[in-house]
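Counting convention: from 1, in listed order, for ligands and their atoms alike.
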Amino acid sequence: MLQTQGYATHSATANLEPFSFERRDVSARDILIEILFCGVCHSDIHQARDEWGGSIYPMVPGHEIVGRVAHVGAEVTKFKEGDVAGVGCFVDSCRECANCAEGFEQFCLKQSAQTYNSTEMDRKTPTFGGYSSQIVVDENYALKISDTENLAGVAPLLCAGITTYSPLKRFNVGAGQKIGVVGLGGLGHMGVKLAASMGAQVTVFSTSPSKEQDAKKLGAHDFVVTKNPENMMAHAGTYDFILDTVSANHDLNVYLNLLKRGGVMVIVGVPEKAAEVSAFSLIVNNRTLAGSGIGGIAETQEMLDYCAENNITSDVEMISIQQIEQAYERTVKGDVRYRFVIDMKSLKNGVNQKVKV
Ligand code: NAP
Ligand code: ZN
């Protein structure tokens, strides 16, 4: 077994703290990744705090992992030592069901093994995520990443990138379309960059007036402060597509009413409580309300290649692992520009310093 250092939380109300645990030895089809950077997704916070129920402790969060391959098993063909590799939201699946066969491993009919807060496919061995020094993963569930100077900016693509790319592709977002992104956080800012790169005209709907300049720099053409109902009414019935990335409870009907005839709104944010949708919000203009969950391995690789070709990375605020609690607090307040990424070298600093982010 491989002795591994990380940060874990032991309950819904505890802080993250240093944690030692074992990872499996590298078997024939596995690679060992020395983790360089791990993004901080709002899903880490929801799960660490058990906001979705059923959390498993101790929990080492983190599913936006980028690192260097330190060792490969005897039968590995996709990676060699020294390559850069990534791991996203899941580390295994049954590989046989209809969904796995069609590249939707995230919806494995036997339930994929999530990167953390889950078990391996043996349904016994707990999985631990990327707030740690290293990870062992089957090569088929690791992503190939081109070696760039900004690997910290690549890490958030493994969740925030694919979660926004996948619905944009599925609904053919592109030139000539007016689209909205609701919530300018980790997912939202990737949604803006990706949709703008695909040629769409993008509006950001935000509760934070201070993000307007940034939104325009990220590629948005328009910025609407959602706290003022008059601002919203002015846009009624004009959007082809809306991507809702908001992590907290909010009124979906307000956004559905912005869709024009045949328009589609996709939910990717996962607030704690269920939303209420009025039938009229959907009936008028023949609207569609849809959802989207991360992406399969092939589509995640397609997204990484697309981002490399188009020079798209995440805008990150780098933190040390010792700053994780402050980063969580700021994320919950919507105060992140636009993804916290942990520099995993900081694990070696040891003591839990109190540092202001
Ligand atoms: P994030 O960085 O915290 O961004 C969420 C944004 O939502 C905030 O920056 C804020 O933007 C807005 N917001 C926050 N509270 C709000 C409120 N009370 N009312 C209205 N807007 C509010 O979070 P993230 O990492 O992007 O994740 C977003 C959500 O997606 C989370 O629920 C996460 O669990 C979920 N998620 C889903 C998938 C999937 O596969 N579907 C994958 C990853 C994450 P403004 O300041 O601009 O208003
Ligand atoms: Zn995530």
Side-chain angles (χ1 to χ4, degrees), residues 38-52 55 61-65 86-90 104-107 112 114-117 129-131 155-168 170 180-193 203-215 218 220 223-228 231-232 243-252 254-255 266-273 275 290-296 299-300 303 314-317 327-341:
C38 185
V40 177
C41 179
H42 205 119
S43 302
D44 298 350
I45 305 173
H46 290 307
Q47 292 176 88
R49 298 181 175 177
D50 200 19
E51 289 171 357
W52 297 339
S55 284
H63 58 206
E64 293 184 339
I65 301 167
V87 178
C89 298
F90 56 93
F104 291 88
E105 299 92 344
Q106 75 272 36
F107 304 130
S112 57
Q114 305 289 297
T115 304
Y116 68 86
N117 192 24
Y131 298 4
L157 302 181
L158 274 305
C159 176
I162 183 59
T163 302
T164 49
Y165 177 89
S166 182
L168 294 173
R170 178 171 144 217
V181 173
V182 188
L184 196 62
L187 266 56
H189 94 292
M190 288 313 307
V192 172
K193 287 191 182 203
T203 302
V204 169
F205 291 93
S206 173
T207 59
S208 311
S210 62
K211 294 180 181 172
E212 178 161 5
Q213 292 283 324
D214 290 345
L218 292 165
F223 185 87
V224 175
V225 179
T226 52
K227 283 178 172 159
N228 183 347
N231 289 351
M232 302 296 283
L243 185 64
D244 185 339
T245 75
V246 174
S247 51
N249 288 92
H250 59 292
D251 186 0
L252 299 188
V254 172
Y255 299 99
V266 175
I267 304 288
V268 288
V270 191
E272 209 171 345
K273 295 196 197 84
S292 191
I294 48 174
E299 194 178 33
T300 304
M303 175 276 309
S314 169
D315 288 15
V316 311
E317 281 192 62
Y328 274 17
E329 288 313 318
R330 280 189 50 197
T331 302
V332 169
K333 286 191 206 134
D335 176 24
V336 49
R337 311 275 153 123
Y338 279 88
R339 193 58 133 191
F340 287 114
V341 169

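- Distance check, rounded to the nearest 0.5 Å: OG1 of T226 to NE2 of H250 gives 9.0 Å.
- Counting only heavy atoms of the protein, atom 8 (C) of ligand 1 lies nearest to G334 CA, 4.1 Å.
- Each of the atoms 34 (O) of ligand 1 lies under 4.0 Å from some heavy atom of W52.
- The distance from atom OG of S43 to atom CD of E51, rounded to the nearest 0.5 Å, is 10.5 Å.
- Side-chain contact annotation: D44 with Y328, donor-acceptor N/O pair under 3.5 Å absent.
- The nearest N, O or S atom of C89 is not closer to the Zn ion (ligand 2) than 2.8 Å.
- Protein heavy atom nearest atom 35 (C) of ligand 1, with residue, atom name and distance: V268 O, 3.6 Å.
- Taking atom 5 (C) of ligand 1 as the reference point, the nearest protein heavy-atom neighbour is S247 OG, 3.7 Å.
- Checked against a 3.5 angstrom limit, the closest N/O atoms of C41 and ligand 1 fall outside it.
- Of the listed residues (K211, K227, E272), the one carrying the non-hydrogen atom nearest atom 9 (O) of ligand 1 is K211.
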* To do: Evaluate the side chain to side chain contact (heavy atoms under 4.5 Å, CB included) criterion for residues I294 and C159: first the C-alpha distance (whole Å), next the side-chain angles of each, then the deciding distance (0.1 Å), finally the verdict.
  => CA-CA 7 Å; I294 48 174; C159 176; 4.2 Å; yes

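- The shortest N or O to N or O distance between L187 and ligand 1 is under 3.5 Å.
- Among all non-hydrogen protein atoms, the one lying nearest atom 12 (C) of ligand 1 is G183 CA, 4.0 Å.
- Within the model, atoms CG of L158 and SG of C38 stand 9.0 Å from one another, a figure rounded to the nearest 0.5 Å.
- Proximity to H46 (heavy-atom distance under 4.0 Å) selects the following atoms of ligand 1: 31 (C), 32 (O), 33 (C), 34 (O).
- In this pair, H63 and Y116 present their aromatic rings tilted. The plane angle is within the 30 to 60° band.
- Interface atoms of ligand 1 facing G269, defined by a heavy-atom separation under 4.0 Å, are 29 (C), 30 (O), 32 (O), 35 (C).
- Of the N or O atoms in N249, none lie within a sub-3.5 Å distance of an N or O in ligand 1.
- Every N/O-N/O distance between V332 and ligand 1 stays at or above 3.5 Å.
- Using a 3.5 Å distance cut-off with no hydrogens or angles, the side chains of E212 and S210 do not pair a donor with an acceptor.
- Remark: I267 CD1 to Y255 OH distance equals 10.5 Å, nearest 0.5 Å.
- Residue-ligand proximity, T331 to ligand 1, at heavy-atom distances under 4.0 Å covers atoms 3 (O).
- Side-chain N or O atoms of S166 include none that pairs as donor or acceptor with a backbone N or O of T163 at under 3.5 Å.
- Each of the following atoms of ligand 1 lies closer than 4.0 Å to a heavy atom of V246: 7 (O), 13 (N), 16 (C), 20 (C), 21 (N), 22 (C).
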* Test side-chain hydrogen bond (donor to acceptor under 3.5 Å, both in side chains) applied to T331 and E329, step by step -> CA-CA 5 Å; T331 302; E329 288 313 318; over 6 Å; no

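- Atoms CZ and CG, from F340 and D335 in turn, are 6.5 Å apart once rounded to the nearest 0.5 Å.
- At a threshold of 2.8 Å, the Zn ion (ligand 2) has a backbone or side-chain N, O or S atom of C41 nearer than that distance.
- Nearest non-hydrogen protein atom to atom 28 (C) of ligand 1 is T245 O, 3.0 Å.
- Close approach to A248 involves these atoms of ligand 1, each under 4.0 Å from a residue heavy atom: 15 (N), 16 (C), 17 (C), 18 (N).
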* Asked: Could you walk me through whether T207 and V246 pass the side chain to side chain contact (heavy atoms under 4.5 Å, CB included) check?
  -> CA-CA 10 Å; T207 59; V246 174; over 6 Å; no

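- Contacts of S43 with ligand 1, taken as heavy-atom pairs under 4.0 Å, involve both backbone and side chain.
- What sits closest to atom 25 (O) of ligand 1 on the protein, heavy atoms only, is R339 NH1, 2.6 Å.
- Relative orientation of the F107 and F104 rings is parallel, given thresholds of 30° and 60° on the angle between their planes.
- Under a 4.0 Å criterion applied to the non-hydrogen atoms of G186, ligand 1 contributes the atoms 1 (P), 2 (O), 4 (O), 26 (O).
- Although no hydrogens or angles enter the test, the distance criterion places a donor-acceptor pair under 3.5 Å between the side chain of S206 and the main chain of S208.
- Nearest protein neighbour of atom 23 (O) of ligand 1, counting heavy atoms only, is H42 CB, 3.1 Å.
- Between H250 and ligand 1, no N or O atom pair is found at a separation short of 3.5 Å.
- Of the polar atoms of I294, at least one N or O is found under 3.5 Å from an N or O of ligand 1, judged by distance alone.
- Looking at C89 against ligand 1, nothing comes within 4.0 Å, counting heavy atoms.
- Paired with D315 under the rule side chain to side chain contact (heavy atoms under 4.5 Å, CB included), one option of K193, M190, R339 passes, and it is K193.
- For the Zn ion (ligand 2), the nearest N, O or S atom contributed by H63 is named NE2.
- Interface atoms of ligand 1 facing S206, defined by a heavy-atom separation under 4.0 Å, are 45 (P), 46 (O), 47 (O), 48 (O).
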* Asked: Given the rule in the side chain to side chain contact (heavy atoms under 4.5 Å, CB included) test, do S247 and H46 qualify, once you have shown the distances and angles that lead to the verdict?
  -> CA-CA 9 Å; S247 51; H46 290 307; 4.0 Å; yes

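- For ligand 1, one of its N or O atoms has an N or O atom of T207 under 3.5 Å away.
- Nearest protein heavy-atom neighbour of atom 11 (O) of ligand 1: L184 N, 3.2 Å.
- Of all non-hydrogen atoms in T245 and G183, the two that sit nearest each other are OG1-O, 3.0 Å.
- Assignment of A160 to the shell around ligand 1 is not supported, since no heavy atom sits closer than 4.0 Å.
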